[in-house]
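The next block holds one structure in the form of structure tokens; read it before the comments.
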Amino acid sequence: GYTAFIREFNKVLQHRIHNLLEKALDIKDGPISILTTGSDGRQEKGPVSEMEFIILREDTIEADRKVSGVIDIINKCPSELADKDIEIKVLGKDSMSNYRGYLVTPMRISDSVLLAGSAEIYSKARMQFIGELSGEEGKKIIEAMKEKRRGAKKVTGIGIQRYKQQDLV
């Protein structure tokens, strides 16, 4: 049915992006990882939705060069395919449970999928995220996750949905 079609569509799209990035850049074991998140990571993205990207990186000059190359490739993709607002997170410095450092959105890492780059960096980021959940900030993060669940119930119960912090009618 439709769900199987959407999952297969997402798998094919993710595979194509993986091949594009891996061929263009030598990043398999390098200082960066490229993820997709949200509905893309859960393989629920519809064909008309653009793909979101997160770049996880080490704090090195080599990572600076690699990140620039990735951004160039993504910016060359058609706008309807790739969201050009790429989130970049420095491993060990930036929160893995926040979006852009101010909005608590733990699902960005928990719902993510590694598209290309270092599996080790991706694993370290996920471990950092788990550490954040169990640390002092953990209560705020868990409350934000509960709020996301309440938001999902609003969509199915009364038809109210939010996108980029705005209600959709």
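Heavy atoms only: backbone and side chains are in, while hydrogens, waters and symmetry mates are out.
Within the 3.5 Å criterion, the main-chain N or O of Ser118 finds a donor-acceptor partner in the side chain of Ser33. Between the Arg7 side chain and the Arg42 main chain, a donor and an acceptor come within less than 3.5 Å of each other. Asn10 places a side-chain N or O within 3.5 Å of a backbone atom of Lys45 that can act as its donor or acceptor partner. Looking at Lys84, its side chain does come within 3.5 Å of a backbone N or O of Cys77 through a donor-acceptor pair. A donor-acceptor pair is defined here as one N or O able to donate and one able to accept, closer than 3.5 Å; such a pair exists between the side chain of Arg57 and the backbone of Thr60. Not one N or O on the side chain of Thr105 forms a donor-acceptor pair closer than 3.5 Å with the backbone of Met107. Between the side chain of Gln14 and the backbone N or O of Asp40 there is at least one donor-acceptor pair closer than 3.5 Å.
Summarising the geometry, atom CZ belonging to Phe53 is positioned 6.0 Å from atom OG1 belonging to Thr36; distances are rounded to the nearest 0.5 Å. Of the inter-residue distances, the one linking Thr37 atom OG1 with Asp83 atom CG reads 11.5 Å to the nearest 0.5 angstrom. Between the CD1 atom of Ile130 and the CE atom of Met127 there is a distance of 5.0 Å, given to the nearest 0.5 Å. Distance NZ/Lys140 to CD1/Ile142: 13.5 Å, rounded to 0.5 Å. Annotation: the span from Asp94 atom CG to Leu56 atom CG amounts to 9.5 Å, rounded to 0.5 Å. Distance check, rounded to the nearest 0.5 Å: CD1 of Ile54 to CD1 of Ile109 gives 4.5 Å.
Contacts classified as side chain to side chain donor-acceptor pair (under 3.5 Å) and involving residues 119-129 (residues at least two apart or in different chains) are given here: Ser112-Tyr122, Glu120-Lys124, Tyr122-Arg126, Gln128-Glu132.
In the hydrophobic clustering of ILVMFWY residues, with side-chain heavy atoms under 4.5 Å counting as a link, Leu81 and Val113 come out apart. Side-chain heavy atoms closer than 4.5 Å link hydrophobic residues (I, L, V, M, F, W, Y) into clusters, and following such links, even through other members, never connects Ile121 to Val90.
For Lys89, the salt bridge (Lys or Arg N to Asp or Glu O under 4.0 Å) criterion is met by Glu87, not counting sequence neighbours.
Among all heavy-atom pairs drawn from Gly117 and Glu22, the shortest one is N-OE2, 3.0 Å. The heavy-atom pair separating Leu114 from Ala119 by the smallest distance is CD2-CA, 3.7 Å.
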Check the pair Arg150 / Glu147 against salt bridge (charged side-chain N to carboxylate O under 4.0 Å, His left out), numbers first and verdict last.
CA-CA 5 Å; Arg150 287 189 284 270; Glu147 183 60 35; 3.1 Å; yes
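Two residues are said to be in side-chain contact when any heavy atoms from C-beta on lie closer than 4.5 Å; Pro47 and Ile6 meet this criterion.
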Please set out all donor-acceptor pairs under 3.5 angstrom arising from side-chain atoms of residues 65-73, sequence neighbours excluded.
{"from": "Lys66", "atom 1": "NZ", "to": "Asp26", "atom 2": "O", "distance (Å)": "2.8"}
{"from": "Ser68", "atom 1": "OG", "to": "Asp64", "atom 2": "O", "distance (Å)": "3.3"}

